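A quick write-up on the structure given underneath.
Remember, predicted model here, so these are calculated numbers, not experimental data.
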Amino acid sequence: MNVSDAIAARRSIRGFKPDAIAPELLEKIFATASLAPSNCNTQPWHTVVVSGQARKDLQAAIFAEINAGKMPTPEFTPGDQNLAGAYKDRQYQCAFTYYGTMGIERHEKDKRHALMLKNFEFFDAPHVAFISMPKTMGAVNAVDIGIYLQTLMLVLVEHGLASCAQGALALYPDEVQKIANIPEGNAILCGLSFGYEDVGARINDAIMDRAPLAETVQFIS
């Protein structure tokens, strides 16, 4: 598989088989992803992969917080900020496609909430990675995290694996920091649920489009 094919094949997958990835393959994947470029080679990312019983414990701990009414406490500003115009339109279309695929109407708030909670079930993926960087760092370093994350997702595709990057997994960091042993002084930017795609899962039928190239790229000569 070449890079262009991997980019074209990659998409957010939210339905996974329970099969775990072999430890040797996990190590190979993350070793390759660590070759991602970064500003001045600072490599600001720190990744913890949670699997097996620890993953089950973490899911239960996060749901305990949610069920107790705890509000999200992200350590970096979460989500998309100050969206307007075409950017807001694309966000709405993304939600419309996602919920529409699952047959959920806009007014069905309970069903929408239940689908949102699947983020904290890691979409049933057998593995979830939490990516953090020092709290003292800023936007330039976050760009490096994005480069690393994209590299990781493409390497997963190369090995026949699927993933879903989730900003939601930064919303309840307390239990993650305990179970995943996040380094002191680091803040979680996002999580990545990954494993083998459950090809028959309805939730995986949601396919997002892309804006016409002319809207996002200009060529000047």
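Here NE2 of His107 is found 10.5 Å from CZ of Arg112. Values are rounded to the nearest 0.5 Å. In this structure, the separation between CD1 on Ile131 and CH2 on Trp45 is 10.0 Å, given to the nearest 0.5 Å. With values rounded to the nearest 0.5 angstrom, Phe122 atom CZ is found 6.0 Å from Leu169 atom CG.
Under the 3.5 Å distance criterion, the side-chain polar atoms of Asp5 are left unmatched by any main-chain donor or acceptor of Met1. A donor-acceptor pair is defined here as one N or O able to donate and one able to accept, closer than 3.5 Å; no such pair exists between the side chain of Arg14 and the backbone of Cys164. Asp144 places a side-chain N or O within 3.5 Å of a backbone atom of Asn39 that can act as its donor or acceptor partner. In this structure, Asn204 contributes its side chain and Gly15 its backbone to a donor-acceptor pair below 3.5 Å.
Side chains of Asp57 and Gln53: a donor-acceptor N/O pair is present below 3.5 angstrom, by distance only. In this structure, a donor-acceptor pair under 3.5 Å is absent between the side chains of Asn186 and Glu184.
Looking only at side-chain heavy atoms (C-beta outward), Pro74 and Pro173 stay at 4.5 Å or farther from each other. Residues Ile104 and Tyr98 have side chains not in contact (no heavy-atom distance under 4.5 Å, counting atoms from C-beta outward). Contact annotation: the side chain of Leu115 approaches that of Ile203 to within less than 4.5 Å [non-hydrogen atoms, C-beta and beyond].
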Inset, instruction - Would you please test Leu189 and Leu149 for side-chain contact (heavy atoms from CB on, under 4.5 Å) and show each step? - result: CA-CA 11 Å; Leu189 273 75; Leu149 180 61; over 6 Å; no
Legend entry - Audit row: Asn181, Val48, side-chain contact (heavy atoms from CB on, under 4.5 Å) steps and yes/no: CA-CA 8 Å; Asn181 194 29; Val48 179; 5.9 Å; no
Inset, instruction - For Gln91 and Lys88, run side-chain hydrogen bond (donor to acceptor under 3.5 Å, both in side chains): C-alpha distance rounded to whole Å, both residues' side-chain angles, the deciding distance at 0.1 Å, then the answer. - result: CA-CA 5 Å; Gln91 184 188 50; Lys88 194 66 177 178; 2.8 Å; yes
Inset, instruction - Assess whether side-chain contact (heavy atoms from CB on, under 4.5 Å) is satisfied between Glu75 and Lys135, documenting all intermediate values. - result: CA-CA 8 Å; Glu75 295 174 289; Lys135 297 176 185 177; 2.9 Å; yes
Legend entry - From CA spacing to verdict: side-chain contact (heavy atoms from CB on, under 4.5 Å), Phe16, Leu161: CA-CA 10 Å; Phe16 294 89; Leu161 296 160; over 6 Å; no
Inset, instruction - Give the C-alpha distance, both sets of side-chain angles, the deciding distance and a yes or no for side-chain hydrogen bond (donor to acceptor under 3.5 Å, both in side chains) between Glu121 and Asn119. - result: CA-CA 5 Å; Glu121 296 174 352; Asn119 278 281; over 6 Å; no
Legend entry - side-chain hydrogen bond (donor to acceptor under 3.5 Å, both in side chains) between Tyr148 and Thr47, worked out: CA-CA 10 Å; Tyr148 168 78; Thr47 304; 3.0 Å; yes
Inset, instruction - Evaluate the side-chain hydrogen bond (donor to acceptor under 3.5 Å, both in side chains) criterion for residues Ser193 and Gln166: first the C-alpha distance (whole Å), next the side-chain angles of each, then the deciding distance (0.1 Å), finally the verdict. - result: CA-CA 8 Å; Ser193 296; Gln166 297 164 255; 2.5 Å; yes
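One hydrophobic cluster, built from ILVMFWY side chains closer than 4.5 Å, cannot hold both Ile188 and Val143; they sit in different ones.
Ring-centre distance between Phe120 and Tyr172: below the 6.0 Å cut-off.
When the shell of 6.0 Å around NZ of Lys118 is examined, it contains more than 12 heavy atoms from other residues, nucleotides or ligands. The number of heavy-atom neighbours closer than 6.0 Å to NZ of Lys70, taken from other residues, nucleotides and ligands shown, is above 12. The neighbour count for Asp19 CG, taken as heavy atoms of other residues, nucleotides or ligands under 6.0 Å away, is above 12.
Between Pro44 and Met137, the shortest heavy-atom contact is CB-SD, 3.5 Å.
Classification of Glu158 and Arg10 as a salt-bridged pair fails, no side-chain N sitting under 4.0 Å from a carboxylate O.
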